[in-house]
Number of protein chains: 2
Amino acid sequence: MTAKTLPLPQQVCFALYSANNAMMRLYRPLLQPFDLTYPQYVVLLALWQQDNISLGQLGAATLFDSGTLTPLVKKLEQKGWLQRVSDASDERVKKVLLTAAGRALETEVATVMPALRCQVALPESQLLALREQAQQLLQQLQQLEACR
Amino acid sequence: MTAKTLPLPQQVCFALYSANNAMMRLYRPLLQPFDLTYPQYVVLLALWQQDNISLGQLGAATLFDSGTLTPLVKKLEQKGWLQRVSDASDERVKKVLLTAAGRALETEVATVMPALRCQVALPESQLLALREQAQQLLQQLQQLEACR
DNA sequence: GCAATTAATCTTGCACGCAATATAATTGTG
DNA sequence: CACAATTATATTGCGTGCAAGATTAATTGC
């Protein structure tokens with residue numbers, strides 16, 4: 001009757017948590033040359049897919065809430081990668097618009113993915129399996145959050 | 001030639017990252033009654049498995065570096081769950097020792113896991129698959145970090 | 001034996017994530 | 001059309017994570 005809690009190495013959440021932390025550590029030096037952090041990179045990835053969207057839409061794409069997104073976007077504006085412009089038709093919404101430099105950055109940053117990939121000595125199939133499992137968990141949790 | 005970067009929904013790292021964030025949001029309200037955060041909970045989980053270990057050993061179990069672990073352990077000491085004691089045989093090392101309250105807490109906190117589990121409507125097999133994939137990624141990344 | 005190195009922990013500073021709350025614009029309602 | 005409810009964004013405060021550097025104690029080389 002000594003085992004009231006599960007050892008860390010057996011916990012799903014701890015595996016997820018520590019794998020994610022390790023991944024962030026791997027990203028850091030690769031993004032540093034561009035003066036980008038991973039969350040900032042995520043915002044740009046979203047904008048490279050769809051530009052000129054509202055902060056709300058950007059939050060939906062990146063899964064950041066406003067408390068995280070607002071300062072992130074302000075920082076990226078300071079760095080000159082994007083602009084925040086008020087929408088004339090609805091003064092509440094702020095739209096985010098990549099600058100020419102921000103659009104050009106996509107080509108530069110395109111080297112990050114392959115550099116990252118070649119350091120991870122795992123078969124593509126395993127990474128896709130991980131993505132699939134993580135996405136299904138995420139989807140389940142989002143569904144939960146949606147019901148309050 | 002427009003696709004220089006991969007859309008976020010297809011990225012393994014983003015799936016890992018956002019699933020982990022969602023998991024932390026799920027944990028928060030469950031740990032709040034015990035005035036614990038997830039990282040603090042992780043430290044306690046490690047100590048419940050093996051008590052009276054050095055900060056270095058605790059860091060190895062939790063995968064926290066000293067910059068994260070030191071303030072975490074100090075906070076847990078303030079809350080009365082553990083004590084930090086200097087090792088007489090080597091004055092550099094600080095050993096971490098659960099208090100009686102800290103040991104008793106394990107039983108209380110044991111309700112967190114099942115409460116969490118019953119909110120995640122995914123089959124056990126899928127969670128184990130996710131754990132397996134995450135652990136293998138983690139292991140790969142740790143191996144990388146070990147080679148500097 | 002003691003200087004130089006190594007080891008264990010601590011401190012500082014920065015950038016998240018997010019809950020809670022505030023502010024301001026818009027919409028719905030009587 | 002006033003005004004309460006809703007919506008979009010911003011602010012505040014707290015707790016991480018971690019790189020970089022500092023501090024102190026032990027160990028190693030010569």
Side-chain angles (χ1 to χ4, degrees), chain A residues 14 17-32 34-43 53-60 62-79 84-96 141-142 145 148, chain B residues 14 16-32 34-43 53-60 62-79 84-96 141 145 148:
Chain A
F14 180 69
Y17 175 68
S18 44
N20 180 60
N21 283 343
M23 209 62 193
M24 293 301 105
R25 288 194 296 271
L26 184 58
Y27 259 112
R28 205 179 317 272
L30 295 177
L31 290 173
Q32 196 150 316
F34 305 100
D35 190 27
L36 288 177
T37 63
Y38 184 74
Q40 291 168 13
Y41 172 64
V42 165
V43 169
I53 56 178
S54 72
L55 276 172
Q57 292 173 292
L58 191 53
T62 58
L63 306 183
F64 290 135
D65 86 333
S66 79
T68 303
L69 193 55
T70 295
L72 266 182
V73 166
K74 280 187 176 177
K75 201 154 280 182
L76 289 172
E77 186 177 36
Q78 279 177 7
K79 296 182 183 182
R84 288 154 5 105
V85 279
S86 301
D87 189 342
S89 72
D90 187 340
E91 284 294 337
R92 288 172 308 178
V93 330
K94 284 242 171 61
K95 295 199 126 188
V96 180
L141 298 180
Q142 282 181 310
E145 290 173 359
R148 193 79 29 232
Chain B
F14 180 68
L16 191 68
Y17 174 68
S18 43
N20 180 61
N21 283 342
M23 209 62 191
M24 293 302 104
R25 287 193 296 270
L26 184 58
Y27 260 111
R28 203 179 318 271
L30 296 177
L31 291 173
Q32 196 150 316
F34 306 100
D35 189 26
L36 288 177
T37 63
Y38 183 73
Q40 291 166 14
Y41 172 64
V42 165
V43 168
I53 56 179
S54 70
L55 276 172
Q57 291 173 293
L58 191 53
T62 58
L63 307 184
F64 289 134
D65 87 333
S66 78
T68 301
L69 193 55
T70 295
L72 266 181
V73 166
K74 281 190 176 176
K75 200 153 280 180
L76 289 172
E77 186 177 36
Q78 280 178 6
K79 295 183 184 182
R84 286 149 11 100
V85 278
S86 301
D87 189 344
S89 73
D90 186 341
E91 284 294 337
R92 289 173 305 178
V93 327
K94 283 240 171 62
K95 294 199 127 188
V96 179
L141 297 180
E145 289 172 0
R148 197 72 24 230

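Sequence lines set the chain letters: A, B, ... in the order given, protein chains first and strands last, and positions in each chain run from 1.
Under the 4.5 Å side-chain criterion, counting only non-hydrogen atoms from C-beta, Gln78(B) is not in contact with Lys74(B). Side-chain contact between Gln142(A) and Leu63(A) is present, with heavy atoms from C-beta onward closer than 4.5 Å.
Position along DNA chain D of the nearest nucleotide to Val93(A) versus Asn21(A) favours Val93(A) as the more 5'-ward residue. Judged by closest nucleotide on DNA chain C, Gln57(B) is the one of Gln32(B) and Gln57(B) placed further toward the 5' end.
Asp90(A) is linked by a side chain to side chain contact (heavy atoms under 4.5 Å, CB included) to Arg92(A), Val93(A), counting only residues two or more places apart in sequence or in another chain.
When only modelled atom types and interatomic distance are considered, Ser18(A) and Asn21(A) share no side-chain donor-acceptor pair under 3.5 Å.
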(message) How would you summarise protein contacts on nucleotides 10-15 of chain D per nucleotide, using B for base, S for sugar-phosphate only and - for none, with heavy-atom distances below 4.0 Å?
(response) BB---S
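Checking the phosphate oxygens (OP1, OP2) of dC18(D), a side-chain nitrogen or oxygen of Arg25(A) falls inside 4.0 Å.
Just one residue in the list Thr70(A), Val73(A), Leu58(A), Val42(A) forms a side chain to side chain contact (heavy atoms under 4.5 Å, CB included) with Phe64(A), and that residue is Val42(A).
When all heavy atoms are compared, the tightest approach of Leu141(B) to Ala19(A) is CD1-O, 4.2 Å.
Taking atom OH of Tyr27(A) as the reference point, atom P of dA19(D) lies 17 Å away to the nearest angstrom. In this structure, CG of Leu69(B) is placed 11 Å from P of dT16(D), rounded to the nearest angstrom. Atom CG in Leu31(A) sits roughly 14 Å away from atom C1' in dC16(C) (whole-Å rounding).
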Please write out each protein N/O paired with an N/O of nucleotides 23-26 of chain C under 3.5 Å, distance rounded to 0.1 Å.
| residue | atom | partner | partner atom | Å |
| --- | --- | --- | --- | --- |
| dT26(C) | OP1 | Glu91(A) | N | 3.1 |

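Using a 4.0 Å heavy-atom criterion, one finds that Asp65(A) contacts the bases of the nucleic acid, with or without backbone contacts as well.
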